[in-house]
Amino acid sequence: MRDVAIIGVKNTNFGEMWEKSLRDIFVEAGVGALKDAGVAGEDISSMYVGNMSSGQFVDQEHVGALIADYSGLARNLHVPATRVEAACASGGLALRQGILAVASGYEDIVVAAGVEKMTDISASSASTALAAAADREWEGIMGATFPGLYAMIARMHMDKYGTTSEQLAEVAVKNHFNGSMNPIAQYKNKISVDAVLRSIMVADPLHIFDCSPISDGASALVLAPADIAHEYTDTPIYIKATAQASDTIALHDRRDITTLDATVSAAKKAYEMAKVTPADIDLVEVHDCFTIAEICAIEDLGFAKKGEGGKVTAEGETAIGGRIPVNTSGGLKSCGHPVGATGIKQAVEITQQLRGEAGKRQVDGAEIGMTHNVGGSGATAVIHILSRNR
Ligand SMILES: CC(C)(COP(=O)(O)OP(=O)(O)OC[C@H]1O[C@@H](n2cnc3c(N)ncnc32)[C@H](O)[C@@H]1OP(=O)(O)O)[C@@H](O)C(=O)NCCC(=O)NCCS
């Protein structure tokens, strides 16, 4: 297996983009990443595109081919493009497929990207489309949507560990603060614990400010064999680990719904592969689709003892400047969650941080970062560890 590096990155703005189509935002991200890498179209071996549900969101399937076409890579160059789907972990999985392709030696310069255009339909239709990533026969058909499923996780966490609504709110306050410094973020407004607690209830105990939004956005990055990465950039960022794990799709089949066993399993593999421990990680982008999801994630990844995710958040340990900065991009909560793009955006954020290009959100001296992307309520988890040093 060959070592793999990231040599170019680009995010579009995240948010509601009424004036742009799915193909517009993808091309903006893809071309931006190629420019950042200094790579020409004819150098690209293949593309992997994370996309969850364009059939439902914009009536468009066959997204891989569409994107190759509108990126100018289909007509003469015939670059192969593969759509990758794992619900909200589609982007993370597209990255993993790209890494495996380059590591194996089958492909050299690979674009790993993600895109979703969710705001062209009503929020209730978007909710229904998203709910298809839960267990249709046991959950969706009963009317359960993701806010409801994560609300059950939150209630159980509160019951078992004494986690409070204020601690959940602290996650949102931190992530909105970080998002206020991220030019691409959907929500750049700072909020207070009180504002979260007073905001409208979506699924008790989750208020609207505990939820990630419905978003449009695209992210792309360019992968290359580490041996030639310096031909393209002075600051390649190396992939130290890629790991994926599955769990039961329905919550009621889980051993314990307050722990995402897929996260625990993928994290174990990732730490072993990178030969690091949680203490070596300088920052992490976790899948905070709801505030409770960030609390579970930092526990399951080993950054907090089980049950203490809320406490360490309230004590500021996960803020920029704290022991382990979490979601410097603003996370899904404030930066936005265009589901197919999120896993790639997380890797773009870590790359920018490790390059020292994160502006006001820069974590001083960051050397090793992690991404954690979840599909559904935890049936898929994809984790990557990235480093400045090979
Ligand atoms: C929370 C949710 C139900 C809100 O949708 P909605 O009720 O249609 O909200 P609206 O679009 O009417 O927005 C009302 C206001 O709140 C804001 N808003 C909406 N969602 C928000 C969020 N998650 N965080 C902060 N503000 C939000 C809007 O910008 C709008 O503000 P404005 O009045 O100043 O323009 C929706 O965002 C949602 O379903 N989120 C979860 C998505 C999800 O499940 N993803 C998959 C995870 S696994």
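Atoms within a ligand are numbered from 1 in the order they appear, just like the ligands themselves.
- Protein heavy atom closest to atom 6 (P) of ligand 1, with residue, atom name and distance, is Ala123 CB, 4.3 Å.
- Residue contacts with ligand 1 for Leu130 involve side-chain atoms from C-beta outward but no N, CA, C or O (heavy atoms, distance under 4.0 Å).
- Side-chain contact between His384 and Gln346 is absent, with no heavy-atom pair separated by less than 4.5 Å.
- Note that atom 48 (S) of ligand 1 has protein non-hydrogen atoms nearby, at separations under 4.0 angstrom.
- From the protein, the heavy atom lying nearest to atom 3 (C) of ligand 1 is Val202 CG1, 4.3 Å.
- Residues Ile239 and Val84 fall within the same hydrophobic cluster, defined by Ile, Leu, Val, Met, Phe, Trp and Tyr side chains chained together at heavy-atom separations under 4.5 Å.
- Among all protein heavy atoms, the one lying closest to atom 27 (C) of ligand 1 is Tyr187 OH, 3.1 Å.
- At under 3.5 Å, not a single nitrogen or oxygen of His287, backbone or side chain, sits near a nitrogen or oxygen of ligand 1.
- Not a single protein heavy atom sits closer than 4.0 Å to atom 11 (O) of ligand 1.
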Quick one, Arg361 with Thr328, criterion side chain to side chain donor-acceptor pair (under 3.5 Å). Give me CA distance, side-chain angles, the key distance, then yes/no. CA-CA 6 Å; Arg361 5 181 254 298; Thr328 56; 5.0 Å; no
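- Heavy-atom neighbours of Met156 CE from other residues, nucleotides or ligands within 6.0 Å: at or below the threshold of 12.
- Between Lys333 and ligand 1, at least one N/O pair is under 3.5 Å apart.
- Among protein heavy atoms, the minimum distance from atom 4 (C) of ligand 1 is reached at Ile208 CD1, 3.7 Å.
- When the heavy-atom distances from atom 40 (N) of ligand 1 to Cys211, Pro213, Ser212 are ranked, the shortest goes to Ser212.
- Proximity of Cys289 to ligand 1, defined as any heavy-atom pair under 4.0 Å, is confined to the side chain (atoms from C-beta onward).
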Should Thr258 and Asp256 be marked as a side chain to side chain donor-acceptor pair (under 3.5 Å) after you check the CA-CA gap, both sets of side-chain angles, and the distance that decides it? CA-CA 6 Å; Thr258 63; Asp256 169 5; 2.7 Å; yes
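- Taking hydrophobic clusters as Ile, Leu, Val, Met, Phe, Trp and Tyr residues chained together by side-chain heavy-atom distances below 4.5 Å, Leu354 does not share a cluster with Ile281.
- At a distance under 4.0 Å, a protein heavy atom can be found next to atom 23 (N) of ligand 1.
- By the 6.0 Å contact criterion, CG on Asp234 is open, its count of non-hydrogen atoms from other residues, nucleotides or ligands being 12 or less.
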Apply salt bridge (Lys or Arg N to Asp or Glu O under 4.0 Å) to the pair Arg254 and Asp261, showing each step before the final yes or no. CA-CA 8 Å; Arg254 303 264 169 93; Asp261 280 344; over 6 Å; no
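- At least one protein heavy atom sits closer than 4.0 Å to atom 45 (N) of ligand 1.
- Distance screen at 4.0 Å: atom 32 (P) of ligand 1 has no protein heavy-atom neighbour inside the cut-off.
- Atom 36 (C) of ligand 1 has as its closest protein heavy atom Ile214 CG1, 3.9 Å.
- Val374 and Leu301 are not part of a single hydrophobic cluster, where members link through side-chain heavy atoms under 4.5 Å apart.
- Distance screen at 4.0 Å: atom 15 (C) of ligand 1 has no protein heavy-atom neighbour inside the cut-off.
- Transitive grouping of hydrophobic side chains (ILVMFWY, heavy atoms separated by less than 4.5 Å) keeps Val9 and Leu34 in distinct clusters.
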